[in-house]
Amino acid sequence: MDRLIQRNVIAMSGRAVEAAGDVDVLMLDKTGTITLGNRQAVAFIPVNGVRIEELAEAAQLASLVDETPEGRSIVVLAKEMFGLRGQTIGASEKAPGGMHFIPFTAQTRISGVDFNGTQIRKGAPDTMIALIEGNGNRIPENLLPTIEDIANNGGTPLVVSKNGKALGVIHLKDIVKGGIKERFAQLRKMGIKTVMITGDNSLTAAAIAAEAGVDDFLAQSTPETKLKLIREYQAGGRLVAMTGDGTNDAPALAQADVAVAMNTGTQPAREAANMIDLDSNPTKLIEIVEIGKQLLMTRGALTTFSIANDVSKYFAIIPAAFASTYPILEKLNFMKLTSPESAILSAVIFNALIIIILIPLALKGVPYHPKSAANLLRDNLLIYGVGGLVAPFIGIKLIDLLLSLLGLV
């Protein structure tokens, strides 16, 4: 817990830190974690003969109260291209012209505006297509190919409609963080499966997942699908770690074995989690898992060394200590310790010294390197198991010689 505090992470319980070391499924949001998180509108693509100016104006109107980087970028792009309004409407500002704005929600995945009998909507392709068809309108022939083309290139398409008719698509572009693919490769070596969570459609999610190097992804995610996926992994005996910051993430955070909430997140998210990242850095989850792994490795290394150390220590001193009572044990006294008193005193001194030597290792932790559980066990047995077997013989013999030289035994 102290190591986490040094990284500005508050753990609510020691169990959560220990669980982090056993995690084998890591669920991460795409936006802000795998990608830079500031998706920008780069193009308006009209369909079915619609003028690009009409599409840009509708997209901008639907984004006037959208304070996200995506919403702001849509407003700015429309201004740069056609000189339309250049900024979003703040929460305290009054909407012009009697406009009624429809806020975005994780369930509907649509936002928009109503004014003067006109309805403008923008949102995820699948929900927008259902909306357009629900209004009895035909899907333009070039709409689906446009959506697929943007998605296949790792972009995010948003469909815009006016009065239930498709106007076109907004192309949002995000960039995968540098070095993130190497981090996921390290996690794979650790035996951890990485799952990207995104509200994007399957094509966009697949393109980003391939570029980032994650093992799996959950596209078009909702609070219900996140919770269901975590339960499925847990039912299969897996331990799941997840990060989140919104109220919609709270059910999944409460279900996850290791749940990290952002300090800037909502109160329900922070209460549902068992760790809080004061820096609000979603990638911190990877460091938390590494700290948990190091904790288990350190405990395993010290336990392995202690058991091996005890075996060797008693094998070294028992023949010398009881040879006078049981002469046959003299054959096992290959270390030729000076006397039974020297053997016991040397073992006691060695024991005290070895504890002092191991304290820094326990506090600092065994150096961690991403490897599979089998390789980590093998290395622990070789280094700390063999080391624990050999060290007592050398240490006790040297102390015995020193005691003899000093005439203390």
Side-chain angles (χ1 to χ4, degrees), residues 1-12 14-37 174-198 205 208-218 221 226 229-230 233 238-246 249 252-253 256-265 269-270 273-298 364-373 375-376:
M1 293 174 74
D2 178 66
R3 289 177 204 165
L4 287 176
I5 285 291
Q6 292 174 19
R7 290 165 175 79
N8 275 357
V9 177
I10 298 175
M12 307 301 184
R15 180 194 171 281
V17 185
E18 292 188 3
D22 287 323
V23 161
D24 51 10
V25 176
L26 201 58
M27 298 180 66
L28 302 129
D29 282 327
K30 184 203 78 172
T31 306
T33 304
I34 295 172
T35 62
L36 292 177
D174 204 350
I175 300 172
V176 173
K177 288 182 177 179
I180 198 73
K181 189 168 188 177
E182 290 73 19
R183 296 294 297 273
F184 288 141
Q186 289 180 347
L187 290 169
R188 197 171 296 110
K189 288 180 181 178
M190 294 158 55
I192 296 175
K193 179 179 181 179
T194 51
V195 181
M196 181 183 77
I197 304 172
T198 176
I208 295 292
E211 185 178 353
V214 296
D215 299 311
D216 201 356
F217 62 87
L218 175 65
S221 64
K226 293 178 189 178
L229 183 62
I230 291 175
Y233 279 123
R238 314 290 288 271
L239 260 70
V240 181
M242 180 186 168
T243 181
D245 60 357
D249 293 323
L253 287 170
D257 299 286
V258 178
V260 184
M262 303 297 102
N263 192 41
T264 54
R270 294 200 301 271
N274 47 32
M275 293 187 190
I276 297 178
D277 177 20
L278 300 179
D279 295 329
S280 298
N281 177 8
T283 59
K284 194 79 69 72
L285 186 56
I286 298 175
E287 295 181 34
I288 292 170
V289 170
E290 290 178 349
I291 290 172
K293 291 285 185 185
Q294 187 184 36
L295 169 69
L296 295 182
M297 280 180 56
T298 302
K364 186 178 180 181
V366 174
Y368 177 74
H369 303 287
K371 292 181 182 178
S372 66
N375 289 336
L376 289 174

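Start at 1 with the first residue, then count along the sequence. Computation of the quantities below employed the complete heavy-atom set of this structure, encompassing side-chain atoms and omitting hydrogens, waters and symmetry-equivalent molecules.
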Q: For the pair Met196 and Met27, evaluate side chain to side chain contact (heavy atoms under 4.5 Å, CB included) and give the outcome as yes or no after the intermediate values.
A: CA-CA 6 Å; Met196 181 183 77; Met27 298 180 66; over 6 Å; no

Nearest heavy-atom pair of [X] and [Y]: which atoms, and what distance?
{"X": "Thr194", "Y": "Val214", "value": "OG1-CA, 3.4 Å"}
{"X": "Phe184", "Y": "Gly213", "value": "CB-O, 3.8 Å"}
{"X": "Ala210", "Y": "Lys181", "value": "O-NZ, 4.1 Å"}
{"X": "Asn263", "Y": "Arg270", "value": "O-NH1, 3.4 Å"}
{"X": "Ile180", "Y": "Val176", "value": "CG2-CG1, 3.4 Å"}
{"X": "Ile34", "Y": "Ala212", "value": "CG2-CB, 3.4 Å"}

Side chain [X], main chain [Y], donor-acceptor under 3.5 Å:
{"X": "Thr35", "Y": "Lys30", "value": "yes"}
{"X": "Arg183", "Y": "Gly179", "value": "no"}
{"X": "Asp245", "Y": "Ala269", "value": "no"}
{"X": "Asp22", "Y": "Ala19", "value": "no"}
{"X": "Ser280", "Y": "Thr264", "value": "yes"}
{"X": "Lys284", "Y": "Arg7", "value": "yes"}
{"X": "Ser221", "Y": "Lys226", "value": "no"}

How many angstroms lie between atom [atom1] of [X] and atom [atom2] of [Y], to the nearest 0.5 angstrom?
{"X": "Lys293", "Y": "Leu187", "atom1": "NZ", "atom2": "CG", "answer": "9.5 Å"}
{"X": "Arg3", "Y": "Gln6", "atom1": "CZ", "atom2": "CD", "answer": "8.5 Å"}
{"X": "Asp2", "Y": "Ile291", "atom1": "CG", "atom2": "CD1", "answer": "10.0 Å"}
{"X": "Leu26", "Y": "Asp216", "atom1": "CG", "atom2": "CG", "answer": "13.0 Å"}
{"X": "Leu28", "Y": "Ile286", "atom1": "CG", "atom2": "CD1", "answer": "6.0 Å"}
{"X": "Asp279", "Y": "Asn8", "atom1": "CG", "atom2": "CG", "answer": "4.0 Å"}

(Q) Testing Leu253, Ile10, Leu4 one by one against Met275 for a side chain to side chain contact (heavy atoms under 4.5 Å, CB included), which residue passes? (A)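 For Met275, the side chain to side chain contact (heavy atoms under 4.5 Å, CB included) test succeeds with only one of Leu253, Ile10, Leu4, which is Leu4.
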
(Q) Go through it in stages, so that I can follow the logic: the residues are Thr198 and Asp29, the test is side chain to side chain contact (heavy atoms under 4.5 Å, CB included), and I'd like the CA-CA distance, side-chain angles, deciding distance and then a yes or no. (A) CA-CA 6 Å; Thr198 176; Asp29 282 327; over 6 Å; no

**Q.** Test side chain to side chain contact (heavy atoms under 4.5 Å, CB included) applied to Val289 and Ile192, step by step
**A.** CA-CA 10 Å; Val289 170; Ile192 296 175; 3.4 Å; yes

Please tell me if the side chains of [X] and [Y] come closer than 4.5 Å, counting only heavy atoms from C-beta onward.
{"X": "Val240", "Y": "Val23", "value": "no"}
{"X": "Asp24", "Y": "Tyr233", "value": "no"}
{"X": "Leu239", "Y": "Val25", "value": "no"}

(Q) The test is salt bridge (charged side-chain N to carboxylate O under 4.0 Å, His left out); show your working for Asp215 and Lys193 and say whether it passes. (A) CA-CA 6 Å; Asp215 299 311; Lys193 179 179 181 179; over 6 Å; no

Q: Please assess Val9 against Ile276 for the test side chain to side chain contact (heavy atoms under 4.5 Å, CB included), listing each intermediate value before the final yes or no.
A: CA-CA 6 Å; Val9 177; Ile276 297 178; over 6 Å; no

